[in-house]
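What follows is a single structure, written as structure tokens, with notes after it.
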Amino acid sequence: MAEAGSFADRVKQQADIVRVVGEYVRLKKSGQNFTGLCPFHAEKSPSFAVHPTKQIYHCFGCGVGGDVFKFVMEMEKCVFPEAIRIVAEKCGIAVPRQKERSPEERKENQQRALLVEMHREAQTFFVKQLEATLEGKAAQAYLEDRGLDKEAMTRFGMGYAPSGGDALLRHLKPKCNEKLVVESGLVSRDQSSGRLFDRFRRRITFPIANESGKIVAFGARALGDDMPKYLNSPETPIYSKSNVLYHMDRAKEGIRRQDFAILVEGYLDAIAVARAGISNVVASCGTSLAEPQIKLLGRFTRRVIVNYDPDAAGQIATERSLSLLLEQDFEVRVLALPAIGSKKADPDLFIREKGAEEYLKLLKEALPYVDYLIARARQMDLTSGEGKRQAVNFLLPYVQKIPNRILRSEWATRIAQQLRLDEPVLRAALSKAAAERRSELKIQPELVARAAKPVERRLIRMLAEAQGFRQELAKQLQNARLYHGLETEKIFEALVIASLSGQPVQATEVGAALEDRDRRLLFEILFEEANEPTWEEAMSCIEALQHRRAERELADVQRSIEANPPGQELRGLLEKKQELMRRLAAAR
Ligand SMILES: [Zn+2]
């Protein structure tokens, strides 16, 4: 968090959360707060509030909340240092240059920068080849034939790698270190002769950018019948294929806005869908999705429509991706495009033949993955017992991955109906599968808001902001152990510690030390409209807590008496009861 005196702390002091949030959310003044529609959940009436003096935000609907950095981290899906930089820039605060930690790290950073620069250079080279050479013109004709016009070529940076064998190498050599050129993966070394040659030859090139838009690799499609049809860059210091999703740099805005992503297989599919005006599309650029790619996607949305090729390989890739996505708690739908004539349609072909509108229509009707899988299972021979067993075995691993019990049960009914299976038998299989899964289940802390009593709410508010007597109040509460056993105990504890430190209480820092549901309650209390606190009021709140505790003790004593203990003990309990009743009567 923002340590005192650090750059982050300085930025936080100077930044105005209302202004920063206001760049993302339309805010209206409402009492002492500003309110607007929550950017983190869908809603029609505003439950998202920003507090200008406490410099915090809180959503009464979905419970998110924090300081200006937390907000930017959530909106931009970035890490803390990045959020500091963004806020600083928005507020016109100069950012100090980052220090590199070790000489090796500096060297690696330099190398990576050079490799990125080399890819930029190669991109310029490929584009020029496509535009200005004879071979390139032929490649253009090929692209146009596939429905890709000049506008598309420019927009997606398509280029051409010539057939010569070392054209790019000769272009790069005068400018770049040879060892680095080899490391870039743009050239390969012939194992027997040791000679260097271009990796991509006689191919159309597609730049692959990382999430921040820097070109880190190329995909290349053969122009003729050369094999393989698609060839990608190898793994390099700046590119790992399981970490990158094609088109992510341009899709992330749309994905966040629409809260779902379309996942396709190849870059030509992604290009076709994006050209149809659907910007939230990414391609996995391999046979199937890898876990780091899912994590990357998960930073922007939890909802995915998988639209892989309808061939056998595509089906396997779809099912593998489904498994991984379900494990990561994604809500998944599947779009299986209908064949066109006798041809199985990938998104590229389908949009070319049927148009963007038809594609969009099918996209809206994409099946929940359950129905997709049931449809797949129904293709098995369900007339025999063996076939039915096969179908259930095909479905069970997916069902097993559904974290929600109710959903799992709904599924069981649906599968039984659709496959005409005996429901009790299926349920037995399912609960066995679920039991096997249970061991990995982590129990989520419940995020339901809790109701604290008004006295507790008031005292919490005072501890957070009554500058004059906060410390004295904290002392009294702590000495009498008045908050022990309360529902709000953890909040009190954190605030008392902060108050006793003598430093101003930072709501976000106290909140950061709490569990999510406690933090949520604390923020709710801080946003309540309230009068200036007074010491008299604080004292009457303390009395109320004392009264409540005496009542609790009295109830305990009464229970012990009713348990009919031996004489000596009973006498002690009766005395205690008298004393508590006297105290309670005096307080009235
Ligand atoms: Zn919300």
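Atoms within a ligand are numbered from 1 in the order they appear, just like the ligands themselves. Just so you know, these numbers come straight off a predicted model, no measurement behind them.
- The Zn ion (ligand 1) has C38 SG, H41 ND1, C59 SG, C62 SG as protein N, O or S atoms under 2.8 Å away.
- Closest approach of E358 to K354, counting heavy atoms only: CB-O, 3.6 Å.
- Heavy atoms only, all atoms of each residue included: K490 and L514 are closest at O-CD2, 3.6 Å.
- Using cut-offs of 30° and 60° for the angle between ring planes, the F71 and F40 rings count as perpendicular.
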field: Step-by-step ring pair (Phe, Tyr, Trp, His ring centres under 6.0 Å) determination, F527 to H51
entry: CA-CA 7 Å; F527 269 96; H51 202 299; 5.4 Å; yes
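- With salt bridges taken as basic N to acidic carboxylate O contacts below 4.0 Å, one links R85 and E82.
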- request: Go through Y398 and Y369 one step at a time and tell me if the ring pair (Phe, Tyr, Trp, His ring centres under 6.0 Å) criterion holds.
  value: CA-CA 10 Å; Y398 298 102; Y369 71 103; 7.5 Å; no
